[in-house]
Amino acid sequence: MPTLFDPIRLGSITAPNRILMAPMTRARGTRGHVPTPMMADYYAQRASAGLIISEAIGITPQGLGWPYATGLWSAEQIAGWRRVTGAVHAAGGRIVAQLWHMGRVVHPSFLGGAQPVSSSVTTAPGHAHTYAGTRPTRRRAPCAAMRSPAS
Ligand SMILES: Cc1cc2nc3c(=O)[nH]c(=O)nc-3n(C[C@H](O)[C@H](O)[C@H](O)COP(=O)(O)O)c2cc1C
């Protein structure tokens with residue numbers, strides 16, 4: 001029977017062991033959602049994992065509502081993540097990106113007051129994280145296609 005320390009094939013990745021690092025949002029990016037040098041150190045220190053799954057990374061400003069989390073929509077963010085993946089590879093590790101769209105959990109304060117983009121027309125349960133602390137989630141307006149002609 002294989003042990004945690006035996007290699008495993010995960011799609012196109014061959015991991016030297018079966019210890020996978022779970023995605024963990026650390027909120028160590030800039031206010032512009034750019035990865036910082038500290039993040040390259042953090043991930044490179046964990047390169048002995050069979051595979052690192054990155055913290056969740058926003059794919060668009062409309063879908064990122066977590067203070068100091070990072071994104072992948074701008075050239076600066078991509079360059080920042082390249083520094084992270086480069087450091088992990090240089091340390092002999094493997095890393096994949098977890099992509100994130102937070103939908104209706106994005107608070108309007110991230111969007112200049114605009115409603116979040118979501119597939120749901122109901123208010124999310126719980127609260128949203130903002131730069132001013134936790135705030136109630138906001139109901140989003142149904143998109144035009146979902147409104148009945150009478151309303
Ligand atoms: C600080 C912290 C940040 C996390 N961020 C993410 C994340 O970005 N994406 C995700 O899918 N899960 C995230 N999680 C959930 C973890 O990946 C993991 O599923 C969870 O901690 C349960 O694992 P456990 O049963 O070993 O504690 C986070 C957990 C913690 C503690």
Side-chain angles (χ1 to χ4, degrees), residues 4 7-143 145-146:
L4 271 178
I8 187 168
R9 186 81 188 263
L10 302 165
S12 60
I13 296 170
T14 302
N17 62 65
R18 297 167 183 225
I19 301 166
L20 272 58
M21 179 171 158
M24 278 181 290
T25 297
R26 308 303 309 196
R28 290 171 171 169
T30 67
R31 191 87 181 214
H33 305 295
V34 176
T36 53
M38 174 205 283
M39 292 171 58
D41 292 341
Y42 169 81
Y43 281 104
Q45 285 162 354
R46 290 156 178 79
S48 61
L51 178 66
I52 296 170
I53 304 170
S54 81
E55 63 203 78
I57 308 173
I59 56 170
T60 163
Q62 291 173 326
L64 185 58
W66 199 282
Y68 302 109
T70 66
L72 262 184
W73 64 82
S74 77
E76 201 184 352
Q77 292 162 349
I78 292 167
W81 272 109
R82 277 203 206 286
R83 280 192 291 274
V84 173
T85 57
V88 170
H89 296 158
R94 293 139 301 279
I95 182 168
V96 293
Q98 185 184 58
L99 303 180
W100 206 14
H101 191 297
M102 295 174 62
R104 61 194 176 145
V105 178
V106 178
H107 191 266
S109 62
F110 285 89
L111 306 170
Q115 289 285 320
V117 174
S118 170
S119 56
S120 308
V121 293
T122 54
T123 305
H127 54 258
H129 292 260
T130 78
Y131 285 105
T134 54
R135 293 287 181 274
T137 49
R138 297 283 178 80
R139 174 178 284 277
R140 70 172 288 280
C143 70
M146 290 172 162

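Distance check, rounded to the nearest 0.5 Å: CH2 of Trp100 to OG1 of Thr70 gives 9.0 Å. Atom CD1 of Ile59 sits about 9.5 Å away from atom CG of Leu72, to the nearest 0.5 Å. For the atom pair His33 NE2 and Trp73 CH2, the distance stands at 5.0 Å (nearest 0.5 Å). Atom CD of Gln98 and atom CD1 of Ile53 lie 7.5 Å apart (nearest 0.5 Å). Rounding to the nearest 0.5 Å gives a distance of 12.0 Å between CD1 of Ile8 and CD1 of Ile19. One finds the OG1 atom of Thr85 at 11.0 Å from the CD1 atom of Ile78 (value rounded to the nearest 0.5 Å).
For Arg135 (side chain) and Thr137 (main-chain N/O), no donor-acceptor pair under 3.5 Å exists by modelled atom type. Although no hydrogens or angles enter the test, the distance criterion places no donor-acceptor pair under 3.5 Å between the side chain of Asn17 and the main chain of Leu4.
No side-chain donor-acceptor contact under 3.5 Å links Thr14 and Arg94.
Under the 4.5 Å side-chain criterion, counting only non-hydrogen atoms from C-beta, Val88 is not in contact with Arg46. Here the side chains of Pro116 and Val105 are not in contact, with every heavy-atom distance at 4.5 Å or above.
Heavy-atom minimum distance, Phe110 versus Tyr131: CE2-CE1, 3.6 Å. Smallest separation of non-hydrogen atoms from Ala44 and Ala87: CB-O, 3.8 Å. Counting all heavy atoms, side chain and backbone alike, Ser54 lies closest to Ala97 at OG-CA, 3.3 Å. Looking at every heavy atom in both residues, Arg104 comes nearest to Ser118 through N-CB, 3.5 Å. In plain terms, the two heavy atoms of Gly65 and Met102 that are nearest each other are N-SD, 3.2 Å. Ala15 and Leu10 make their closest contact through CB-CD1, 4.3 Å (heavy atoms, listed as atom of the first residue, atom of the second, distance).
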Is there a side-chain contact (heavy atoms from CB on, under 4.5 Å) between His101 and Thr60? Walk through the geometry before answering. CA-CA 7 Å; His101 191 297; Thr60 163; 3.6 Å; yes
I'd like to know whether Ile95 forms a side-chain contact (heavy atoms from CB on, under 4.5 Å) with Leu51, so could you lay out the CA-CA distance, the side-chain angles of the two residues, the decisive distance to 0.1 Å, and finally the verdict. CA-CA 6 Å; Ile95 182 168; Leu51 178 66; 5.7 Å; no
What's the verdict on side-chain contact (heavy atoms from CB on, under 4.5 Å) for Ile13 and Val96, showing C-alpha distance, side-chain angles and the deciding distance? CA-CA 10 Å; Ile13 296 170; Val96 293; 3.6 Å; yes
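Remark: His107 engages no residue in a ring pair (Phe, Tyr, Trp, His ring centres under 6.0 Å) (not counting sequence neighbours). Under the ring pair (Phe, Tyr, Trp, His ring centres under 6.0 Å) criterion, His129 pairs with Trp66, His127, sequence neighbours left out. Remark: Thr36 engages Arg28, Thr30, Met38, Met39 in a side-chain contact (heavy atoms from CB on, under 4.5 Å) (not counting sequence neighbours).
Other residues, nucleotides and ligands contribute at most 12 non-hydrogen atoms within 6.0 Å of the CD atom of Glu76.
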